[in-house]
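Data first, discussion second: the structure below is written as structure tokens.
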There are 8 protein chains.
Amino acid sequence: MTRERLRDILEALSAGRITVSEAEDRLRYFPYEELGGVKLDHHRGIRKHFPEIIYGPGKTVEELLRIVKSFLERDLPLLITRVSSETAREIRERFPELEYHSRARILGKPRRGPRVGQIAILSGGTADLPVAEEARIAAEYFGNRVQTFYDVGVAGVHRLLSVAEELEKANALIVVAGMEGALPSVVAGLVDRPVIAVPTSVGYGAHFGGLAPLLAMLNSCAPGVAVVNIDNGVGAAYFASIINQMCIKKN
Amino acid sequence: MTRERLRDILEALSAGRITVSEAEDRLRYFPYEELGGVKLDHHRGIRKHFPEIIYGPGKTVEELLRIVKSFLERDLPLLITRVSSETAREIRERFPELEYHSRARILGKPRRGPRVGQIAILSGGTADLPVAEEARIAAEYFGNRVQTFYDVGVAGVHRLLSVAEELEKANALIVVAGMEGALPSVVAGLVDRPVIAVPTSVGYGAHFGGLAPLLAMLNSCAPGVAVVNIDNGVGAAYFASIINQMCIKKN
Amino acid sequence: MTRERLRDILEALSAGRITVSEAEDRLRYFPYEELGGVKLDHHRGIRKHFPEIIYGPGKTVEELLRIVKSFLERDLPLLITRVSSETAREIRERFPELEYHSRARILGKPRRGPRVGQIAILSGGTADLPVAEEARIAAEYFGNRVQTFYDVGVAGVHRLLSVAEELEKANALIVVAGMEGALPSVVAGLVDRPVIAVPTSVGYGAHFGGLAPLLAMLNSCAPGVAVVNIDNGVGAAYFASIINQMCIKKN
Amino acid sequence: MTRERLRDILEALSAGRITVSEAEDRLRYFPYEELGGVKLDHHRGIRKHFPEIIYGPGKTVEELLRIVKSFLERDLPLLITRVSSETAREIRERFPELEYHSRARILGKPRRGPRVGQIAILSGGTADLPVAEEARIAAEYFGNRVQTFYDVGVAGVHRLLSVAEELEKANALIVVAGMEGALPSVVAGLVDRPVIAVPTSVGYGAHFGGLAPLLAMLNSCAPGVAVVNIDNGVGAAYFASIINQMCIKKN
Amino acid sequence: MTRERLRDILEALSAGRITVSEAEDRLRYFPYEELGGVKLDHHRGIRKHFPEIIYGPGKTVEELLRIVKSFLERDLPLLITRVSSETAREIRERFPELEYHSRARILGKPRRGPRVGQIAILSGGTADLPVAEEARIAAEYFGNRVQTFYDVGVAGVHRLLSVAEELEKANALIVVAGMEGALPSVVAGLVDRPVIAVPTSVGYGAHFGGLAPLLAMLNSCAPGVAVVNIDNGVGAAYFASIINQMCIKKN
Amino acid sequence: MTRERLRDILEALSAGRITVSEAEDRLRYFPYEELGGVKLDHHRGIRKHFPEIIYGPGKTVEELLRIVKSFLERDLPLLITRVSSETAREIRERFPELEYHSRARILGKPRRGPRVGQIAILSGGTADLPVAEEARIAAEYFGNRVQTFYDVGVAGVHRLLSVAEELEKANALIVVAGMEGALPSVVAGLVDRPVIAVPTSVGYGAHFGGLAPLLAMLNSCAPGVAVVNIDNGVGAAYFASIINQMCIKKN
Amino acid sequence: MTRERLRDILEALSAGRITVSEAEDRLRYFPYEELGGVKLDHHRGIRKHFPEIIYGPGKTVEELLRIVKSFLERDLPLLITRVSSETAREIRERFPELEYHSRARILGKPRRGPRVGQIAILSGGTADLPVAEEARIAAEYFGNRVQTFYDVGVAGVHRLLSVAEELEKANALIVVAGMEGALPSVVAGLVDRPVIAVPTSVGYGAHFGGLAPLLAMLNSCAPGVAVVNIDNGVGAAYFASIINQMCIKKN
Amino acid sequence: MTRERLRDILEALSAGRITVSEAEDRLRYFPYEELGGVKLDHHRGIRKHFPEIIYGPGKTVEELLRIVKSFLERDLPLLITRVSSETAREIRERFPELEYHSRARILGKPRRGPRVGQIAILSGGTADLPVAEEARIAAEYFGNRVQTFYDVGVAGVHRLLSVAEELEKANALIVVAGMEGALPSVVAGLVDRPVIAVPTSVGYGAHFGGLAPLLAMLNSCAPGVAVVNIDNGVGAAYFASIINQMCIKKN
């Protein structure tokens with residue numbers, strides 16, 4: 001569209017329908033203008049492989065309904081995070097075509113087409129499952145094949161070793177851990193794949209809402225670990241998805 | 001080697017040279033035993049694409065000399081980080097074949113063979129250069145082609161926009177920034193590639209030694225950003241290298 | 001008034017109606033006395049351009065009703081912040097002349113007279129709107145013309161560039177941002193106007209209730225940024241208002 | 001220049017010297033290209049009222065010499081901050097036309113022309129003087145008239161009250177304070193001018209390198225206070241300068 | 001009592017009723033034994049001027065009822081802090097002789113006898129009143145005369161100056177302040193009396209639950225300030241009470 | 001079982017029923033495979049003296065019911081921590097054989113057999129009882145004899161001295177304290193036994209949810225103190241239990 | 001003096017030598033003017049019992065020499081804190097009448113006259129002595145009798161108990177402690193006197209430069225404790241001095 | 001001695017050489033008196049199994065010489081921590097019988113007699129060796145047999161597994177780790193022995209001087225871990241020694 005409009009102006013000038021000055025005026029803020037406001041989504045839709053991740057908290061049901069409507073009308077895939085079951089119920093009353101994943105707290109509609117490549121998701125304990133599941137659902141929505149390895153925490157390191165060979169098959173690993181957050185270090189010591197570490201807020205006391213595993217992961221003694229925000233399952237999924245899709249495309 | 005020894009035991013049993021009980025005893029801790037101690041490096045040498053990154057601080061010149069000798073004898077590539085120019089001089093007196101990169105504070109010997117793929121390294125200001133250069137040298141040592149975009153901080157966002165198209169060519173982007181650490185967010189908004197954010201300790205006052213950009217990067221509003229430790233240029237390079245090499249191999 | 005009373009005492013002395021000692025006694029704590037207690041508001045009413053901003057939390061409905069009554073009786077403009085919709089409803093039952101702005105959570109009555117000058121308010125995401133709107137309503141109550149630029153976050157920097165020219169028209173800019181708080185740096189790099197940065201508590205995990213954008217804004221690499229407290233929309237509005245009014249008056 | 005080049009392309013198209021497609025290609029990244037790289041300084045030189053503030057730490061004498069040379073050749077004013085007396089001596093040996101202010105640790109050359117308007121700088125104690133002086137010299141370099149009120153800390157509030165009337169004459173006030181950082185609150189309660197608060201790292205123990213006054217200033221109970229980073233005298237000066245110059249220009 | 005038992009043992013030995021070894025055994029842990037267990041309260045009742053301050057939170061109504069009963073039976077004064085109005089109602093149903101101070105959230109029964117000396121309590125804003133009132137009620141319960149100076153915050157320093165002379169009459173000053181916590185510094189600069197500073201949790205954002213005023217008060221530039229925990233009105237009252245009572249007794 | 005399977009493979013090889021290659025394949029990931037998945041619990045059941053401590057929070061009643069069923073079917077002892085009375089009631093409706101300890105918030109079934117050795121549990125104040133009781137119940141579930149010394153805080157050090165002799169009888173001491181967390185230091189100065197310090201979140205203001213006693217305990221000036229997480233009564237009990245059981249076994 | 005000038009103005013008006021307007025002009029800022037500037041010291045010299053405590057760090061030898069000269073000329077007592085032995089030597093070369101206390105790092109000249117009352121200073125370990133000694137010398141300079149009880153830390157609580165009776169004789173106790181900072185709580189449990197707690201920066205690791213004992217002291221479970229800044233021996237001495245002097249004067 | 005003196009008094013009374021009153025007077029503060037001052041060491045020498053650990057920093061060479069002399073004269077074992085090689089050299093010039101362990105920075109003289117039992121010391125990386133060695137030397141000085149397992153960090157978990165069986169032989173394990181501090185969790189998952197975790201300050205950036213591993217260790221998901229202060233090797237050794245000695249004695 002943007003290109004078409006640029007072409008229109010240039011053709012109008014070329015055809016003498018407008019003067020150089022008029023063309024100049026229209027072009028001055030052209031690249032900005034076209035990318036601004038509501039038009040942005042289209043742009044992002046082209047440049048990025050998923051249109052927009054909607055962060056649910058702080059939005060009213062009305063606002064969410066408006067967003068959902070806008071996406072469905074344009075037949076775009078949609079992913080809203082951290083949606084309570086109540087809110088999900090209200091929205092699905094009007095848009096029953098949406099899926100709701102209660103543990104992952106995701107409401108949305110996945111990208112069409114087959115899931116490709118391989119992303120592995122590991123988690124330390126069952127309490128980390130909401131975050132791990134947010135990562136899983138999101139990764140699948142973005143069009144990736146996902147394999148999960150839950151409950152492989154470092155307190156029983158044999159559990160992890162028993163799946164080490166499987167992990168090598170993934171293009172990217174998302175490692176979700178609360179408590180002391182040691183899992184990504186051990187995983188990165190085992191496999192030579194990018195490990196995306198997700199600290200969770202699961203813990204108490206000197207856990208300080210996820211600070212303990214966050215710092216642990218940032219200080220990983222094993223190379224090959226990068227970290228996203230506490231509880232940011234969807235962010236890890238997006239990052240892993242870029243890598244996984246790149247590996248696929250390159251083939 | 002490990003495989004060979006397993007095979008030896010099994011063949012001895014198969015040939016009746018040892019009893020089932022003797023085989024059992026030898027196998028009991030077999031997989032651990034073979035991977036332990038000094039043999040690990042070989043293992044890592046195979047599994048990972050660079051043998052070992054030596055963290056320089058806290059090691060005496062004598063210890064470093066021993067490490068260098070051991071690597072050179074086995075003809076392995078070598079990368080020692082955070083080496084002062086004095087220490088480098090002392091070591092290079094005995095091992096003149098090593099290179100020293102003073103701004104990156106890296107002493108070592110790169111991996112052989114051509115550099116492949118493409119990693120982009122961006123930095124906000126000139127004060128971030130030691131970290132950016134550590135990332136660059138390390139990425140090159142690991143066998144990657146690197147393109148740098150220095151001094152493209154957010155206070156002059158046009159500088160960044162002017163190189164946006166170039167950035168898309170990289171398989172992974174390392175974005176180094178001190179001060180408020182905003183650069184990775186802006187970059188991730190422009191290109192659909194994995195952005196590895198490196199906060200630096202460049203700043204003062206409420207910067208708290210890199211805490212400010214670290215928190216900023218963890219809270220990036222743009223998806224596609226993962227973070228490594230403050231000033232951890234080499235860690236970012238390793239992470240980017242895994243991705244870049246994967247993209248190459250898949251072809 | 002204060003002056004009048006001073007003059008009264010001096011004239012009484014000059015006219016011999018009181019002795020030097022009597023005058024001395026009355027004058028000893030004079031400047032304090034006159035400014036003390038409930039009289040302060042008048043003083044502030046003259047010296048400052050808005051009588052008093054009432055911080056709502058921690059005050060009962062009864063206390064708020066008393067304050068409202070006192071202001072309305074004296075026909076003063078009034079601004080109460082962080083008022084819940086329930087509390088607002090209760091108060092407006094008795095004082096229906098008050099306005100309530102639900103998103104900004106402001107209850108009050110604006111200053112009379114035309115709005116002058118120009119203050120620009122920018123925000124990064126829709127979740128920051130309550131704070132941005134608090135700033136907007138407050139700035140208007142204080143008598144300023146306001147133009148808003150919402151949803152111009154750094155993840156899509158083109159949105160911001162497209163309005164850059166408009167921003168130059170403002171005498172002061174209020175830039176509201178949560179998450180990584182990078183917006184003020186980018187804005188201050190574009191326009192040569194005082195940028196008042198407002199970090200918001202919008203975020204989670206390593207956001208630490210607004211600490212992340214607060215630190216980012218304090219460490220802005222672009223000169224021309226000053227910061228107010230997390231979520232302090234009204235404080236930013238007041239600060240911007242002083243500047244805007246000064247620019248107007250000087251003409 | 002940018003405009004000229006845009007016009008060139010459009011005229012070439014209008015004249016039929018290039019095709020629509022050729023015009024399209026050249027225009028695609030046009031606004032970025034023109035603003036990028038070394039050309040930025042000119043841009044900033046026009047848009048902003050001082051070319052660039054050079055942050056001294058982390059730059060070698062050689063780098064600083066190159067920067068100085070580049071500025072002096074273009075006859076631009078120059079301000080380098082946090083320069084040690086040793087470094088200053090070395091640089092001035094080659095560029096004796098530069099001034100060095102030892103307490104403010106500023107090396108540079110002021111903007112030409114008369115100083116206009118009025119900025120007031122207050123400080124709590126003598127230990128805050130390096131920061132206050134950095135603000136003063138910088139503000140003067142930027143072309144502002146400055147009046148200083150040093151040693152007016154809150155432990156002797158009468159000192160401050162005695163100068164209250166004077167303060168009202170300034171278009172902006174820079175209030176520098178270490179220890180508990182209470183001075184900006186008291187000042188903002190006295191005068192209706194923008195108060196730019198600068199916390200300093202002067203203190204010990206639970207001062208935590210300036211955290212104590214920083215938090216105090218952000219929580220000021222008096223409206224009209226905005227805060228810059230700890231010890232950021234030059235940042236406060238720049239912010240105050242924008243306001244002061246705006247007040248002047250508007251006349 | 002303790003002495004009597006010691007004497008009994010010694011007399012038994014002296015009289016030959018027990019052997020040296022038996023005496024030795026009984027005496028070995030003698031001084032501990034006599035001061036231990038439930039006898040402590042009497043001890044404290046004598047040594048300290050108020051029997052025990054009961055911290056309400058975390059105690060069930062049943063536990064509080066038991067404590068109240070025990071104190072009333074022994075006719076001791078009683079002070080329970082941070083009691084909700086609900087809990088207070090339940091307890092007063094059974095013990096109507098107790099007073100409840102809703103703003104101070106104190107339930108109890110004051111010490112008998114006249115209130116002596118003078119303690120001044122100052123507070124910055126109305127939001128600090130619950131803490132200031134806790135201090136006031138507690139100080140009165142401990143038998144001190146109290147004068148309050150509320151709403152004398154530093155944003156209007158004239159209010160404080162107008163009462164400066166009054167403050168000199170107190171033997172100890174309790175200064176309660178939230179926000180930036182600057183009041184104690186200003187007060188200690190005005191009067192030469194011990195200033196007990198109480199930071200409150202009144203604030204938001206970078207207030208961090210009282211951390212801001214706590215740090216400010218610990219860094220007071222005026223000598224003569226000591227600090228108690230955030231919101232610890234009763235602790236300040238106890239400390240002030242010791243001083244005030246000492247001043248009285250000495251006469 | 002694991003051993004049996006290893007033996008089966010080796011015997012099959014020895015008997016010529018499988019080839020060396022087949023044996024090799026089966027053995028390659030042998031030690032991992034056998035320890036993986038749900039089989040782990042048995043392993044842990046043998047190696048550790050209590051099968052598994054279930055952390056209650058974040059698990060639904062359904063999940064807890066499943067866990068309880070699985071443990072009871074295998075006749076294993078069971079300990080679920082931080083169970084609300086409501087949840088406990090729901091679970092006990094179906095499994096009435098479980099005990100619920102409301103103050104300790106523990107739901108479970110103790111290990112069979114006599115309680116042995118001696119563990120002492122001390123606490124500073126009554127508000128610390130939930131944590132102290134969690135430690136007590138857990139220690140008893142693990143099969144240890146426990147003696148409690150509650151309400152022996154440092155503000156009345158005589159209480160502690162009176163029980164000093166008793167404390168020497170324990171093989172390990174668990175010292176639970178909130179507020180300033182000074183108790184472990186004083187206890188470790190009195191007895192030469194391992195002191196396991198448990199900070200509690202009991203406190204307010206500058207207590208920061210247990211940070212104050214945590215830091216105090218980590219900095220104990222008395223040797224012989226080690227620390228567990230804030231409020232981690234069960235962790236302290238487990239640690240003390242290992243020591244106590246070791247002392248018993250060695251006899 | 002101030003009074004005299006006020007009287008002069010009023011008498012001039014009464015006598016008709018000046019008009020009401022002239023009197024008004026002179027009186028307008030009268031109370032400020034008289035207390036401002038250099039006259040403040042005299043004022044403080046009267047109001048406070050020690051003229052001024054000079055904080056040494058950040059002042060050059062020249063500045064200190066100027067201050068010393070000014071005090072000695074007016075024959076005022078003088079106390080400079082945190083003076084290195086080198087600086088002290090330089091200053092005493094010119095002013096040999098000054099004393100230097102190397103452990104306390106105090107340079108000065110005590111107040112004349114006998115030392116009165118009683119202040120007790122306790123410290124936990126020998127490493128806290130510099131702070132304890134700063135408190136002792138300062139307290140003596142301010143004219144107080146001091147008794148010290150060093151090395152009575154809580155790890156050997158018997159040491160403290162053996163001096164408990166002595167402590168009751170003091171009007172105020174300064175308790176200096178690093179490490180876990182438990183001493184003030186134990187002391188306040190023993191004696192009913194104001195306990196001024198001084199945390200020291202003595203410690204390492206999780207001590208965080210004195211944060212550990214600071215938090216411990218603020219959370220003291222024993223009433224009667226107030227806290228000054230980390231290492232602030234002189235501040236504690238000043239606070240104790242006010243109390244001690246008040247007790248004396250009242251007799 | 002203490003016992004002897006008590007017996008003397010009692011025998012004197014029993015023999016009629018002193019009256020009951022005289023005995024009473026002498027006994028009144030008896031237990032305190034005898035334990036006070038320099039006599040304490042003897043008491044501790046009996047009750048605790050090592051006389052006193054001297055913390056080196058902050059003590060002058062003269063003070064250390066005095067301490068050494070006093071210990072050697074009484075033929076007591078001695079352990080001084082954190083002694084620089086320079087200081088050690090100076091002291092050993094006069095007391096050549098002392099040993100100095102340069103990596104552990106320990107100066108002293110071990111306890112006589114054979115080393116008993118078994119303590120295992122593990123460390124993650126070579127940079128942690130100073131702390132691990134401090135623990136080892138100290139544990140040996142306290143009379144324990146020690147086995148070390150260095151360089152078994154979690155990034156190569158196989159190294160750790162290969163020694164798992166050996167670890168079971170120890171009565172207590174000291175696990176020293178910097179970086180992310182994950183080692184204790186993995187170890188505690190492998191062996192059912194008390195794991196004493198020692199975080200080290202080895203790391204940079206978001207390591208915050210040991211905070212990262214400290215928090216990780218406190219949040220260990222594996223039961224059986226207790227933590228000592230950052231870098232506190234000697235404290236861990238003391239704690240492990242108590243356990244090891246208890247296990248021996250019980251036999």
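Here is how names work: the chains are called A, B, and so on, in the same order as the sequence lines, proteins then strands, and each is numbered from 1.
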Options Gly203(F), Ser185(F), Ala182(F), ranked by heavy-atom pairs under 4.5 Å with chain G, top entry: Ser185(F)
Contact class of Tyr204(G) relative to chain F, heavy atoms under 4.5 angstrom: backbone
Considering all heavy atoms, the nearest His207(F)-Asn219(G) contact: CB-OD1, 3.3 Å
Which of Ala212(G), Gly181(G), Gly178(G), Gly205(G) touches chain F most, by non-hydrogen pairs under 4.5 Å: Ala212(G)
Side-chain donor or acceptor of Glu180(F) paired with backbone N/O of Cys221(G) under 3.5 Å: yes
Under 4.5 Å from a heavy atom of chain F, the part of Val157(G) involved: side chain
Heavy-atom closest pair, residues Ala206(F) and Leu215(G): O-CD2, 3.5 Å
